[in-house]
Asks: 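I have a structure here, written as structure tokens, and I will follow up with some questions on it.
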Amino acid sequence: MGPHSPVLIQVFTAKELNTLKITIFQAKFLCIDTETTGLDPFIDKIRLLQIHTSQGFTFIIDLFKFEETESLLSLFENDKLLVLFNAKFDLKFLKANGFKVSGPFFDTMLAYQLLKAGTYPKGSLQEVCFDLLEIELDKDEQVSDWSTPDLTWSKIDYAAKDASILLPLYKALRKRLIDENLARVAQLEFETLEPTVEIELNGILLDSEKLKKLQIEAENQIEKLKEEITLELKAPECNLNSPIQVRKALNSYGIEVKSTSKDTIKPLASNYPVLAKLLKYRKEFKLNTSFLSALPEHIHQKTGRLHPDLWQLGAVTGRYSCSNPNLQQIPRESAVRECFIAPPGKKLVIADFSQIELRVVAELTGDEKMVNAFQDGEDLHSLTASFVCQKDISLVTTEERTKAKAINFGLTFGMSVFSLKNYSLINYGLEMSWWQAWRFHDRFFDGYKRLKEWHQAEKEKMVSESFTLSGRRRLFPEEGWFTARLNTPVQGTAADIMKKSLVILFKRLKGSNSKIVATVHDEILVEVNESETESVAKVVENSMKKGGEAYLKSVPVEVDVKIGRHWGIK
DNA sequence: ATTTCGAGCGCG
DNA sequence: AAAGCGCGCTCGAAAT
């Protein structure tokens with residue numbers, strides 16, 4: 001037994017439960033962990049609930065033995081700080097089982113990821129404990145069978161340790177977050193936990209029949225294209241999904257290409273119909289394998305809905321990542337998005353920020369022209385067009401605006417003149433000389449003076465870190481990384497804004513029938529009772545504006561709101 | 001036989 | 001003067 005040998009109390013009786021309640025009442029904070037029989041909160045069961053209190057007591061409740069679950073549900077219905085590791089996992093199980101858990105939270109995993117953002121791949125509990133406390137943690141029992149009638153002492157001991165280790169971890173992380181000025185962004189992440197958990201539990205409904213029809217259509221088309229292409233190339237055995245085989249076939253056909261990538265093929269497609277067909281084939285194949293036939297596999301057997309995994313700090317910039325399935329890459333073409341629906345009697349409120357990243361750029365750089373344009377409700381792409389075409393904004397044509405829009409983004413984030421030249425050709429068939437590309441580039445930056453200064457400043461920076469407006473930090477492994485340095489605070493601040501918006505919205509919707517069912521970078525989907533759509537739409541819009549205004553002080557925030565039976569609504 | 005890797009491509 | 005950024009999924013090919 002080490003110096004911290006904790007007092008371990010197994011809760012079996014009403015008397016022991018009472019002791020637990022009194023201890024909780026007197027505690028400053030609680031460290032919590034659960035052991036479950038699996039990973040699915042709708043199917044698997046919580047076996048153990050471990051509570052390590054700030055006084056140093058560890059309580060263990062075997063939920064298979066302790067029958068009066070009802071009396072436990074309000075255990076955390078107080079304002080005690082709850083300390084966890086990967087809180088989302090435990091919170092999903094606790095909420096799915098009726099526990100009232102609303103925080104405040106301190107997630108040691110998120111805290112560690114904030115500290116290490118940009119440097120570390122993941123950070124399991126073992127790694128974090130070793131890194132911060134120099135303690136070797138044994139995790140063998142984690143994947144063992146937690147459904148046996150009686151639990152071995154080894155298991156009990158392991159479970160107790162998992163909870164008690166959170167206490168020194170919390171203290172170490174808390175200090176480092178404060179010392180490294182990351183307490184504010186940590187607070188944001190911790191507040192975002194509950195909305196994130198709810199989104200995962202809510203899930204979203206899929207129209208399987210419609211999806212099936214689309215899938216059959218796609219499969220037919222893929223077959224047809226495959227036949228036509230291999231026939232034309234005189235390569236019946238060629239696997240069109242193999243870049244190597246396709247390249248060989250194209251070469252024998254007389255098209256000399258070094259790569260079969262889209263960027264290589266697209267400029268040649270107008271001369272070779274077979275290349276246009278190949279691009280079409282790839283698009284349909286991707287559509288079918290990645291979405292049409294894959295999505296139904298993720299429908300939950302119990303809820304009948306999709307419950308994608310959201311990772312709060314999945315991206316180094318602070319954005320969410322999403323998987324199983326990745327809702328963030330569902331094709332925009334409405335046919336697919338139309339398959340994401342609201343159940344009978346409900347509708348979807350779909351709200352997205354308008355040009356949020358460019359607004360963040362305006363705020364960060366303080367570029368007068370950009371800020372003024374947004375303040376006056378002017379169109380930024382037309383403004384850009386007016387610079388590069390050297391004409392008054394009122395005289396800019398639709399075509400000029402479209403072209404400006406295409407490159408606004410690229411140049412803002414450090415696209416090279418070389419790429420500008422290529423990009424215009426590939427995506428707009430816009431033949432551009434070196435001289436024209438340079439002139440385009442120069443006029444753009446002459447128009448946006450502070451943007452130019454920002455680029456110069458970032459280019460010269462030797463420091464190995466970058467910050468967003470919430471104080472979120474990304475560490476860079478070395479100097480350089482010019483374009484990443486430009487992008488990170490912008491993408492990251494947009495993520496700050498989204499998370500703040502979710503927190504505000506979640507609070508306002510709490511207790512209502514409306515449910516947040518998805519979020520995609522700058523977009524929020526809410527499932528709402530039909531009769532309440534108009535009022536809830538206002539709440540969503542207002543919450544997102546408030547979220548934006550928390551960080552953008554000189555640039556207005558705009559939100560577009562749509563209401564429909566499905567996600568494909570225009 | 002099984003795993004890793006890279007190409008390619010969907011999204012914001 | 002051959003990198004605009006950030007992801008996850010699927011496939012074939014290479015590596016084990």
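Residue numbers begin at 1 in each chain, while the letters A, B, ... track the order of the sequences.
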Asks: Base, sugar-phosphate, or nothing: which does Thr412(A) touch, judged by heavy atoms less than 4.0 Å apart?
Replies: nothing

Asks: Over 60° means perpendicular and under 30° means parallel, so classify the ring planes of Phe418(A) and Trp434(A), tilted if in between.
Replies: tilted

Asks: Taking 4.0 Å as the cut-off, does a side-chain nitrogen or oxygen of Asn487(A) come that near to OP1 or OP2 on dG6(C)?
Replies: no

Asks: Would you mind classifying the nucleic acid contact of Asp352(A) as base, sugar-phosphate or nothing, using non-hydrogen atoms under 4.0 angstrom?
Replies: nothing

Asks: Using a strict threshold of under 4.0 Å (side-chain N to carboxylate O), is an ion pair present between Glu198(A) and Lys515(A)?
Replies: no

Asks: Pull out every residue in residues 563-570 of chain A that has a heavy atom closer than 4.0 Å to any atom of DNA chain B, ordered by number, or say none.
Replies: none

Asks: How would you label the contact of Ile244(A) with the nucleic acid (heavy atoms, under 4.0 Å): base, sugar-phosphate, or nothing?
Replies: sugar-phosphate

Asks: Determine the contact category for Ala294(A): base if any of its heavy atoms lies under 4.0 Å from a base atom, sugar-phosphate if only primed atoms, P, OP1 or OP2 are that close, otherwise nothing.
Replies: sugar-phosphate

Asks: Check this for me: Lys226(A), atom NZ, are more than 12 non-hydrogen atoms of other residues, nucleotides or ligands nearer than 6.0 Å?
Replies: no

Asks: Which range-with-range stems can be found for DNA chain C when each stem has 3 or more Watson-Crick or G-U pairs in a row and both distances sit under 3.5 Å?
Replies: B:1-12 with C:5-16

Asks: How far apart are the C-alpha atoms of Phe353(A) and His521(A), what are their side-chain angles, what is the distance that settles it, and do they pass the ring pair (Phe, Tyr, Trp, His ring centres under 6.0 Å) test?
Replies: CA-CA 9 Å; Phe353(A) 288 109; His521(A) 302 310; over 10 Å; no

Asks: Should Thr488(A) be listed as having a side-chain N or O under 4.0 Å from OP1 or OP2 of dC5(C)?
Replies: no

Asks: When you measure from every atom of DNA chain C, which of residues 305-320 of chain A have a heavy atom less than 4.0 Å away?
Replies: Ala315(A), Val316(A), Thr317(A), Arg319(A)

Asks: Give the rounded distance in Å between these two atoms: NE2 of His441(A) and C1' of dG4(C).
Replies: 12 Å

Asks: What nucleic acid atoms does Glu523(A) come within less than 4.0 Å of, heavy atoms only: base, sugar-phosphate, or nothing?
Replies: nothing

Asks: Are the ring centres of Phe440(A) and Phe444(A) closer than 6.0 Å?
Replies: no

Asks: Less than 4.0 angstrom from a charged side-chain N to a carboxylate O is my criterion; do Glu527(A) and Arg305(A) meet it?
Replies: yes

Asks: Among dC5(C), dT10(C), dG8(C), find the nucleotide with the atom closest to the side chain of Ser290(A).
Replies: dT10(C)

Asks: Which residues in residues 274-289 of chain A have a heavy atom closer than 4.0 Å to any atom of DNA chain C?
Replies: Phe285(A), Lys286(A), Thr289(A)

Asks: Can you tell whether the side chains of Glu189(A) and Arg472(A) come within less than 4.0 Å, N to carboxylate O?
Replies: yes

Asks: Donor-acceptor pair, distance only, cut-off 3.5 Å: does the side chain of Arg450(A) make one with the backbone of Asp367(A)?
Replies: no

Asks: Does Thr230(A) use its side chain to pair, donor to acceptor, with the backbone of Glu227(A) at less than 3.5 Å?
Replies: yes

Asks: To the nearest angstrom, how far is Asn239(A) atom CG from dT10(C) atom P?
Replies: 17 Å

Asks: Among pairs that include at least one residue of residues 256-289 of chain A, which meet ring-ring contact (aromatic ring centres under 6.0 Å, His included), considering only residues two or more places apart or in two chains?
Replies: Tyr281(A)-Phe285(A)

Asks: Please collect all side-chain hydrogen bond (donor to acceptor under 3.5 Å, both in side chains) contacts where either partner lies in residues 545-562 of chain A, sequence neighbours excluded, each pair once.
Replies: Glu363(A)-Ser554(A)

Asks: Where along residues 355-369 of chain A does a heavy atom fall under 4.0 Å from DNA chain B?
Replies: none

Asks: Measure from the side-chain N and O atoms of Lys461(A) to the backbone N and O of Arg485(A), and report whether any donor-acceptor pair falls under 3.5 Å.
Replies: no

Asks: Tell me what Arg485(A) touches on the nucleic acid: a base, only sugar-phosphate, or nothing, going by heavy atoms under 4.0 Å.
Replies: nothing

Asks: Any side-chain donor-acceptor pair under 3.5 Å between Gln113(A) and Trp311(A)?
Replies: no

Asks: Would you please name every residue forming a salt bridge (Lys or Arg N to Asp or Glu O under 4.0 Å) with Asp40(A), sequence neighbours left out?
Replies: none

Asks: NA contact type, Ile330(A), heavy-atom cut-off 4.0 Å: base, sugar-phosphate, or nothing?
Replies: sugar-phosphate

Asks: Under 4.0 Å from any atom of DNA chain B, heavy atoms only: list the residues of residues 209-223 of chain A that qualify, in numerical order.
Replies: none

Asks: Ser323(A) side chain N/O closer than 4.0 Å to the phosphate oxygens (OP1, OP2) of dG8(C)?
Replies: no

Asks: State whether the distance check finds a donor on one side and an acceptor on the other, under 3.5 Å, for side chain Gln491(A) versus base dC5(C).
Replies: yes

Asks: What is the nucleic acid contact for Arg337(A), judged by heavy atoms within less than 4.0 Å: base, sugar-phosphate only, or nothing?
Replies: sugar-phosphate

Asks: Report the distance from atom CG of Leu451(A) to atom P of dG4(C), rounded to the nearest whole Å.
Replies: 16 Å

Asks: Looking only at atom types and distance, does a side-chain atom of Lys449(A) sit under 3.5 Å from a main-chain N or O of Asp446(A), one as donor and one as acceptor?
Replies: yes

Asks: With respect to the side chain of Phe418(A), which nucleotide from dG4(C), dG6(C), dA2(C) is positioned closest?
Replies: dA2(C)

Asks: Kindly write out the residues that satisfy side-chain hydrogen bond (donor to acceptor under 3.5 Å, both in side chains) with Asn220(A), not counting sequence neighbours, or none if the list is empty.
Replies: none

Asks: Quick one: is Gln328(A) getting a side-chain N or O under 4.0 Å of the dC9(C) phosphate, OP1 or OP2?
Replies: no

Asks: Could you tell me from which nucleotide to which nucleotide of DNA chain B, 5' to 3', there is an atom under 4.0 Å from chain A heavy atoms?
Replies: dG8(B) to dG12(B)

Asks: Got a sec, which residues hit ring-ring contact (aromatic ring centres under 6.0 Å, His included) with Phe506(A), two or more places apart in sequence or on another chain?
Replies: none

Asks: Side chain of Asn241(A) only, heavy atoms from C-beta on: which candidate in dC11(C), dA1(C), dG6(C) is closest?
Replies: dC11(C)

Asks: Within 45° of the six-membered ring axis of Tyr448(A) and under 6.0 Å from that ring's centre, is NZ or CZ of Lys369(A) located there?
Replies: no

